[in-house]
Structures are given as structure tokens and as C-alpha cells.
Amino acid sequence: MKIQAVSRRSFNEVADNESFHPSLPGLVEKVEEWCGEGGEVTVFDALWAPEMSVNDFLVRICKYAKCSPGVFVAMEVYLERVKEVLPVTPLNVHRIVLAALMVAAKYVDDTRVSLQHYANLAGISLAEVNQIEAAFLLLLDWDLSIPSYVVESDASGSESSTPTTPYL
């Protein structure tokens with residue numbers, strides 16, 4: 001089951017936003033590629049697939065999330081880890097992306113943005129936001145470290161495939 005929503009927005013509208021990171025369009029492609037058939041119902045699953053595309057959701061996040069570009073680098077690392085243990089489907093992709101954003105923002109920016117802000121951003125309840133954040137941290141086994149090669153390649157703009165010690 002592939003994502004059916006059609007993108008209506010472009011990252012060009014947020015390219016000048018201080019939160020924008022150049023890897024975001026590529027992240028959309030990765031996340032959409034991961035989407036497949038679901039397995040067990042999880043706390044991340046919506047009752048129906050949202051009409052908003054993953055692309056539009058990430059544009060919205062970039063526009064309103066109030067986070068640094070480094071958050072999106074950490075978010076991608078966390079999404080890569082979680083997809084290994086949780087199938088990504090059209091029913092859960094938006095909530096998994098939201099959970100990755102919340103956890104990455106708290107870890108990287110170390111700022112206090114209310115969970116209600118994230119609930120409003122995603123159009124879900126505060127209780128659901130609390131549930132998906134806790135479940136996401138459990139899926140990560142509370143390991144929020146970012147490998148230093150990811151941080152270094154992001155800073156230099158190059159790709160490095162040689163893992164080194166985790167960045168803490």
C-alpha cells in the first residue's frame with residue numbers, strides 16, 4: 001500500500017526558513033519508499049491515512065516546528081533506526097515522522113516546545129502525542145546518540161560512510 005496523497009506544497013516556500021535543511025526533500029523520498037503493508041496495529045497507526053502527503057507534512061513541520069536544521073539530521077537518523085523494527089505504512093508514517101521530530105528537537109535543540117504545539121501541528125490530541133513520543137523512545141531503546149560521521153558530513157556537506165564513535 002503506497003501513500004496516495006498528492007503533494008501540494010514545495011520546499012521552495014520554506015527554503016529561506018531558519019529551520020530548513022537541504023536534506024528534507026531526500027528524506028521525503030526515503031520515507032515514502034519505506035511505506036509498505038502494515039503488520040500489527042500500533043500506537044502510531046491512525047484510523048485512516050491522512051490526506052496530507054509526507055512532503056506537505058514535512059514542509060508544514062519545517063515552517064512551524066521552531067527547530068534548528070540539525071534537528072532534521074537527527075530526525076533522519078532516528079527514522080532509519082525505527083524503520084528496522086517498525087513497518088512504516090500510510091497509516092503511521094505521519095506520526096512516526098512527528099515522533100522523530102519531537103525527540104530530535106528535544107535532544108538537539110534542548111529547548112522547551114510544548115507537546116500541545118506538536119499536537120496542533122499534526123492535528124492530533126495531546127494524549128496521542130504523549131503516547132507516540134514514549135513509544136518512539138522505547139523503539140529507539142532510549143539511544144538518542146548521533147554518530148559523529150553524520151554530524152561531520154552534515155557540517156561539511158559531504159557524504160561519509162565510515163562510522164566512528166557516537167556523537168553525544
Q: Look up atom CZ in F136 and atom CG in L79, then write down how far apart they are to the nearest 0.5 Å.
A: 5.5 Å

Q: Starting at CG of L121, measure out to CZ of R60 and round the result to the nearest 0.5 Å.
A: 5.0 Å

Q) Which atoms form the tightest heavy-atom contact between V71 and A104, and what is the distance? A) O-CB, 3.5 Å

Q. Taking it one step at a time, do L144 and L137 satisfy side-chain contact (heavy atoms from CB on, under 4.5 Å)?
A. CA-CA 8 Å; L144 302 182; L137 286 165; 3.9 Å; yes

Q: State, to 0.1 Å, how close A105 and Y118 come at their nearest heavy-atom pair, and which atoms those are.
A: CB-OH, 3.4 Å

Q: With rounding to the nearest 0.5 Å, note down the distance linking CD1 in I146 to CE in M75.
A: 12.0 Å

**Q.** L115 backbone acceptor or donor facing N120 side chain under 3.5 Å
**A.** no

Q: First locate atom CG of D109, then atom OG of S68, and finally report the distance between them rounded to the nearest 0.5 Å.
A: 3.5 Å

Q.
Using 0.5 Å steps for rounding, measure from the OG atom of S125 to the CD atom of Q116.
A. 8.5 Å

**Q.** Side-chain heavy atoms of F44 within contact of V82, under 4.5 Å
**A.** no

Q | Close side-chain approach of M102 to I132, heavy-atom, < 4.5 Å | A | yes

**Q.** Pairwise side-chain contact, L101 with F72, heavy-atom cut-off 4.5 Å (strictly under)
**A.** yes

Q.
Walk me through whether S53 and N55 qualify under side-chain hydrogen bond (donor to acceptor under 3.5 Å, both in side chains).
A. CA-CA 5 Å; S53 70; N55 182 87; 4.8 Å; no

Q | Those residues that, when tested against F57, pass ring-ring contact (aromatic ring centres under 6.0 Å, His included) (two or more places apart) | A | H94

Q. Within the distance-only criterion (no hydrogens, no angle test), does the side chain of D141 pair as donor or acceptor with the backbone N or O of D143 below 3.5 angstrom?
A. no

Q. Within a strict 4.5 Å, meaning less than it, do heavy atoms of the I124 and L98 side chains meet?
A. yes

